[in-house]
Amino acid sequence: MADYKPQQIEKKWQDFWSAKGTYRVSEHNTRKKYYVLEMFPYPSGRIHMGHVRNYTIGDVVSRFKRARGFNVLHPIGWDAFGLPAENAAIQNSIHPSIWTRGNIEQMKQQLMRLGFSYDWSREIATCDVKYYRWEQWLFTRLHREGLAYRKTSVVNWDPVDQTVLANEQVIDGRGWRSGAVVEKKEIPQWFLRVSDYSEELLGELEHMTGWPDAVKTMQKNWIGRSEGVEAEFRVDGQEMPLKVFTTRPDTIMGVTYLALAPEHPLAGEVAKNRPDVADFISRCRKTLVSEAEIETVEKSGVSLEIDATHPISGEKIPVWTANFVLMSYGTGAVMSVPAHDQRDWEFAKKYGLGIKQVIFPKDGNEFDIEERAFTEKGTLGDSGWLSGLTSQEAFAKIAGFLEENSAGGTRTNYRLRDWGISRQRYWGAPIPIIHCERCGEVPVPDSDLPVELPLEIDIDGQRIPALSKIESFTATVCPECGEPARRETDTMDTFMESSWYFLRYASPDFEDGMFDPQKASYWLPVDQYIGGIEHAILHLLYSRFFTKALRDLELLKLDEPFENLLTQGMVVKDGAKMSKSLGNTVDPDDMIARYGADTVRMFMLFAAPVEKDLEWSERGVNGMFRFLGRVWRFATELLSEPQNGEHSGKFSAKGKATELEASTNRTIRKVTEDIESFKFNTAISAVMELFNELGSLWKEKEVGREDARPALLVITRLLYPMAPHFAEEIWELSGESGNLVDKEWIKWDEESFEGAEITIPVRVNSRVRNQISIKADSDEETAREAALSDSRVAEYIAGREIKNFVYVPKRIVDIRV
RNA sequence: GCCCGGGUGGCGGAAUUGGUAGACGCAAGGGACUUAAAAUCCCUCGGGAGUUUCUCCCGUGCCGGUUCGAGUCCGGCCCUGGGCACCA
């Protein structure tokens with residue numbers, strides 16, 4: 001018997017796998033391919049527990065699928081551009097590149113210590129020129145297709161630091177470093193036309209059976225397709241009518257005012273002569289960065305003191321600007337119907353605007369419109385020639401009327417906006433465009449790609465120079481006319497890199513394109529994608545968009561990138577997400593040093609179901625260490641006897657061996673099915689139960705060495721995907737041939753536990769009164785007889801009439817008297 | 001504010017997807033071993049009651065409903081986590 005010392009065995013097996021090149025794969029293989037991928041990490045410095053959880057899950061899937069006979073691709077890389085590198089650079093006067101490279105080196109070592117089955121030969125880092133050059137190449141193709149375009153858009157501007165801020169860097173309307181009040185600035189920026197794909201991105205969701213419903217619903221709502229009507233309201237003295245979009249055209253006769261987003265051009269127009277309006281506009285957007293803030297702030301507005309003409313009634317309708325109207329949705333203007341929309345109602349009450357009810361309950365009941373808005377559909381009234389119609393009938397009538405009078409008509413609107421990819425930052429992939437006074441926006445020709453990010457920069461100050469400040473970078477000549485020109489100085493959103501990295505893994509060193517088409521068509525789609533739920537919308541939607549755009553560029557024959565998706569919960573401690581700022585992080589390295597990688601992995605899998613948050617508990621880790629220690633001691637004791645080299649692996653049928661054999665086989669089935677469905681916590685429980693049973697039978701001398709051995713070997717093999725070093729070592733100790741990493745997954749023998757008697761409860765008047773033992777496949781008559789002949793059950797029936805008898809095979813007998 | 005999740009013992013969780021609520025583990029208490037500690041091993045462990053090898057009652061956030069039967073389905077509340085387009 002020996003103590004379990006993981007430190008002595010884990011390195012040994014890691015070196016063994018690495019020396020053998022066990023996880024290197026190629027397309028030249030007769031097995032069926034399986035591509036398992038975890039979301040790649042941002043190299044922030046050190047691995048955190050969220051990574052450990054994510055990658056442990058992926059590793060179990062990878063090892064399990066290998067054992068099930070698949071040619072498994074399991075790659076890893078680094079999402080290496082991003083804001084934190086610049087922050088670190090400023091803080092520590094270290095170049096973002098050096099900081100990032102150092103982190104990658106460190107984190108790679110950490111991942112290796114966890115024993116993950118990665119094909120390290122495919123490692124990529126998105127800040128490598130050989131990676132982002134192909135992203136630049138793609139950008140020029142998207143540009144050619146009109147899918148990349150420039151328009152002005154607003155950024156957060158820190159007037160003290162003279163820099164653009166991310167939303168995250170704006171706290172209560174102030175720059176996080178300078179504390180200066182943030183200003184809004186309109187600058188030209190690059191966008192990708194995701195909206196062209198709204199319909200397909202939405203429609204395809206229906207067929208994506210391998211994705212969680214919650215994620216699909218979130219994406220569906222994010223795309224936000226709505227059928228409605230656009231109506232035009234003419235404004236005196238304005239050439240262009242005001243357009244509004246509404247999903248409730250039936251309420252149009254109840255419009256009492258129009259509300260414009262503060263950024264609406266007409267509001268800006270009026271503001272020129274109205275200081276109060278100008279003041280309102282500048283005030284109301286200054287501190288509001290996100291949609292969440294805009295929608296929770298107290299509603300306020302100001303009248304523009306102009307009137308619009310109702311397209312149907314011809315009435316004069318006052319026009320306001322209000323802080324809750326979003327410029328980015330619909331037309332940036334809404335028709336307000338206080339009687340039938342609660343938000344409009346509240347605004348109208350606050351500013352004394354009219355409330356006109358035009359929809360009435362179908363059942364003819366009264367509704368007090370002074371109390372709140374009536375938002376249901378119903379019958380139109382007080383609506384002129386539309387009165388008496390139902391909401392549904394009115395929809396079509398009104399749309400038709402607007403159409404005929406060239407004042408609007410039916411429209412489908414999407415909430416999904418085009419993707420702004422411009423970042424005014426240094427640490428990113430430069431956008432490959434040259435601005436020429438004569439030729440306009442000229443994409444960098446293929447022969448001049450890549451546009452390398454200049455690495456020689458001065459970072460000792462408190463600022464990283466934007467590319468626009470680096471003259472040697474900006475100055476160039478126009479590829480078309482040869483005259484002096486300037487480079488685009490925006491870099492690309494880091495979501496660009498993560499939208500296609502899964503394709504690059506198929507051929508990470510390919511030099512003639514983004515990926516080798518043959519290899520990509522072999523490996524893709526990703527069969528199992530695993531990552532945090534926080535990426536449910538943006539990253540996953542952008543990756544889907546990229547895949548479809550690449551398909552339409554005829555670079556890829558693929559509609560969707562990720563066949564199956566698993567979203568795992570966060571790792572929390574004391575109820576809060578582990579984060580540096582909260583100071584509640586736990587370093588995986590400490591845990592590995594103390595307990596070993598296998599214990600940490602097992603704990604991560606055992607402590608919570610994958611999709612739920614996991615509460616970190618070092619006591620729990622210790623408990624898992626004790627479990628592995630018990631198995632270890634049992635194994636070393638059992639296997640210490642000299643082996644004769646011949647093991648049938650069969651149970652003897654002596655004593656309780658048959659029972660142990662049945663439990664062993666039942667456990668194989670349970671663990672296999674649980675791993676298939678990612679229920680690792682119950683898979684581990686099942687192994688623990690089997691081990692507990694084996695332990696007691698052994699201690700009570702109910703089974704001998706010959707029967708303990710096959711059970712223990714099964715336990716070892718079932719633990720292998722989760723605790724691979726541990727399992728390999730015991731396997732080697734047992735003297736069995738080969739290594740588990742190359743072994744087929746273990747099969748179970750159904751016959752060993754079929755046909756056994758089972759115990760089911762008998763309920764009388766909803767209370768369990770006793771259990772009966774019957775064959776699993778007993779018919780109702782047999783079950784009835786068994787139940788009624790049970791003395792305790794009989795006591796509770798006691799001569800009363802049986803009013804109802806229910807028998808659910810293998811489950812329950814329920815009697816009502 | 002809008003969208004999507006989640007609420008089960010002291011704690012993490014299990015419950016064959018409508019069929020014995022609390023598997024497995026942690027913590028706690030008691031005991032064995034030990035000079036001692038650690039480690040290890042054994043027992044108890046949702047609450048209450050009783051005639052205490054056993055039996056009864058209550059119990060899955062709250063209120064109501066469907067059903068022979070509800071942690072699971074339906075309606076309405078409360079609390080809580082994630083996302084909201086420049087954090088990744």
Side-chain angles (χ1 to χ4, degrees), chain A residues 3 39-42 44 79 81-84 87 155-156 164-170 189 194 212-222 224 289-297 299 324 328 343 415-425 493-495 498 532-539 541-542 567 569-570 572 575-577 603 606-609 611-624 626-627 629-630 633 670 673 679 681-682 684-689 692 699 759-763 765-768 770-771 803-806 808 810-816:
Chain A
D3 280 342
M39 292 178 182
F40 65 166
Y42 177 78
S44 57
D79 188 13
F81 276 135
L83 197 54
N87 295 335
V155 294
N156 309 309
V164 173
L165 298 176
N167 284 351
E168 180 190 65
Q169 298 172 306
V170 180
Q189 302 200 72
V194 183
D213 289 338
V215 175
K216 285 190 282 188
T217 312
M218 278 192 263
Q219 292 214 351
K220 183 179 169 212
N221 293 333
W222 185 261
V289 173
S290 67
E291 188 177 318
E293 288 174 310
I294 292 168
E295 297 226 8
T296 43
V297 79
K299 285 146 203 67
F324 60 83
S328 51
R343 188 165 62 180
R415 212 183 69 96
L416 181 66
R417 310 203 289 258
D418 281 343
W419 174 14
I421 57 151
S422 275
R423 297 291 180 272
Q424 295 71 39
R425 301 240 170 76
D493 179 4
T494 56
F495 272 123
S498 56
I533 184 71
E534 67 272 20
H535 295 289
I537 296 175
L538 294 180
H539 162 60
L541 197 64
Y542 292 150
T567 49
M570 296 182 309
V572 301
K577 181 177 177 169
F603 171 73
F606 180 68
E611 68 281 1
K612 286 182 57 174
D613 286 355
L614 183 155
E615 174 75 31
W616 176 260
S617 150
E618 188 163 342
R619 289 185 193 277
V621 178
N622 190 50
M624 188 53 74
R626 292 207 317 244
F627 168 69
R630 279 196 295 275
R633 281 189 303 279
K670 166 84 175 150
E673 288 171 355
K679 288 151 82 176
N681 53 336
T682 51
I684 292 172
S685 298
V687 176
M688 286 173 166
E689 281 179 84
N692 290 346
K699 199 170 300 162
T759 307
I760 64 166
V762 180
R763 270 201 301 227
N765 288 347
S766 296
R767 304 208 180 276
V768 175
N770 213 353
Q771 347 269 316
K803 292 184 186 137
N804 192 26
F805 182 93
V806 178
V808 183
K810 294 182 197 176
R811 297 277 182 275
I812 202 166
V813 171
D814 195 321
I815 302 168
R816 185 143 298 255

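Sequence lines set the chain letters: A, B, ... in the order given, protein chains first and strands last, and positions in each chain run from 1. This one's a predicted model, so the numbers in the text were calculated from it and none came from an experiment.
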Output the rounded distance in Å from [atom1] ([X]) to [atom2] ([N]).
{"X": "A:Glu615", "N": "B:G12", "atom1": "CD", "atom2": "C1'", "answer": "8 Å"}
{"X": "A:Lys612", "N": "B:G71", "atom1": "NZ", "atom2": "C1'", "answer": "12 Å"}
{"X": "A:Arg619", "N": "B:C24", "atom1": "CZ", "atom2": "P", "answer": "21 Å"}
{"X": "A:Lys803", "N": "B:G69", "atom1": "NZ", "atom2": "P", "answer": "12 Å"}
{"X": "A:Arg415", "N": "B:A85", "atom1": "CZ", "atom2": "P", "answer": "9 Å"}
{"X": "A:Asp613", "N": "B:U80", "atom1": "CG", "atom2": "P", "answer": "15 Å"}
{"X": "A:Ile537", "N": "B:C2", "atom1": "CD1", "atom2": "P", "answer": "16 Å"}
{"X": "A:Glu291", "N": "B:G1", "atom1": "CD", "atom2": "P", "answer": "14 Å"}

According to the Watson-Crick and G-U wobble definitions, with both distances under 3.5 Å, which nucleotide is paired to [N]?
{"N": "B:C77", "answer": "B:G61"}
{"N": "B:C2", "answer": "B:G83"}
{"N": "B:G50", "answer": "B:C54"}
{"N": "B:C41", "answer": "B:G31"}
{"N": "B:U16", "answer": "none"}

Is any side-chain N or O of [X] closer than 4.0 Å to OP1 or OP2 of [N]?
{"X": "A:Asn692", "N": "B:G25", "result": "yes"}
{"X": "A:Arg763", "N": "B:G69", "result": "no"}
{"X": "A:Arg626", "N": "B:A27", "result": "yes"}
{"X": "A:Arg767", "N": "B:C58", "result": "yes"}
{"X": "A:Asn221", "N": "B:C4", "result": "yes"}
{"X": "A:Asn681", "N": "B:G25", "result": "no"}
{"X": "A:Thr682", "N": "B:A14", "result": "no"}

- request: Between A:Lys299 and A:Lys699, just flag the one whose closest nucleotide in RNA chain B comes earlier from the 5' side.
  value: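 The residue mapped nearer the 5' terminus is A:Lys299.
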- prompt: How do A:Met688 and A:Gln771 order along RNA chain B: which one's closest nucleotide is nearer the 5' end?
  reply: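 Of the two residues, A:Gln771 wins.
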Where the chi angle of [N] falls, syn if within 90° of 0 and anti if not:
{"N": "B:U53", "answer": "syn"}
{"N": "B:U55", "answer": "anti"}
{"N": "B:U20", "answer": "anti"}
{"N": "B:G7", "answer": "anti"}

Heavy atoms under 4.0 Å, any strand shown: does [X] hit a base, just sugar-phosphate, or nothing?
{"X": "A:Ser617", "value": "nothing"}
{"X": "A:Gln169", "value": "nothing"}
{"X": "A:Pro41", "value": "nothing"}
{"X": "A:Glu618", "value": "nothing"}
{"X": "A:Thr759", "value": "base"}
{"X": "A:Arg417", "value": "base"}
{"X": "A:Ala536", "value": "nothing"}

Distance in Å, [X] [atom1] paired with [Y] [atom2], rounded so as to fall on 0.5 Å steps:
{"X": "A:Leu165", "Y": "A:Gln424", "atom1": "CG", "atom2": "CD", "answer": "10.5 Å"}
{"X": "A:Lys612", "Y": "A:Met570", "atom1": "NZ", "atom2": "CE", "answer": "13.0 Å"}
{"X": "A:Ser766", "Y": "A:Asp814", "atom1": "OG", "atom2": "CG", "answer": "6.0 Å"}

Of the candidate nucleotides [options], which contains the atom at the shortest distance from the side chain of [X]?
{"X": "A:Ile812", "options": "B:G19, B:A14, B:G82", "result": "B:G19"}
{"X": "A:Met218", "options": "B:G82, B:A23, B:G25", "result": "B:G82"}
{"X": "A:Phe606", "options": "B:A88, B:C24, B:C86", "result": "B:C24"}
{"X": "A:Val806", "options": "B:A85, B:A23, B:C68", "result": "B:C68"}
{"X": "A:Glu295", "options": "B:G1, B:G82, B:C84", "result": "B:G1"}
{"X": "A:Arg811", "options": "B:U17, B:C24, B:G81", "result": "B:U17"}
{"X": "A:Phe495", "options": "B:A85, B:C24, B:A88", "result": "B:A88"}
{"X": "A:His535", "options": "B:G82, B:G25, B:A88", "result": "B:A88"}
{"X": "A:Pro761", "options": "B:G82, B:C86, B:U20", "result": "B:U20"}
{"X": "A:Met570", "options": "B:G81, B:C24, B:C68", "result": "B:G81"}

Heavy-atom donor-acceptor pair, [X] side chain to [Y] backbone, under 3.5 Å:
{"X": "A:Gln219", "Y": "A:Ala536", "value": "yes"}
{"X": "A:Asn681", "Y": "A:Ala607", "value": "no"}
{"X": "A:Asp418", "Y": "A:Val194", "value": "yes"}

field: Greater than 12 external heavy atoms within 6.0 Å of A:Lys299's NZ
entry: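 Correct, the count exceeds 12.
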- request: Please work out which of the three classes, parallel, tilted or perpendicular, describes the rings of A:Tyr542 and A:Phe495, given edges at 30° and 60°.
  value: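 Perpendicular: the ring planes of A:Phe495 and A:Tyr542 meet at over 60°.
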message: Under a plain distance cut-off of 3.5 Å, with no hydrogens placed, do A:Ser328 and A:Arg415 share a side-chain donor-acceptor pair?
response: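 Note: A:Arg415 and A:Ser328 side chains miss the donor-acceptor criterion.
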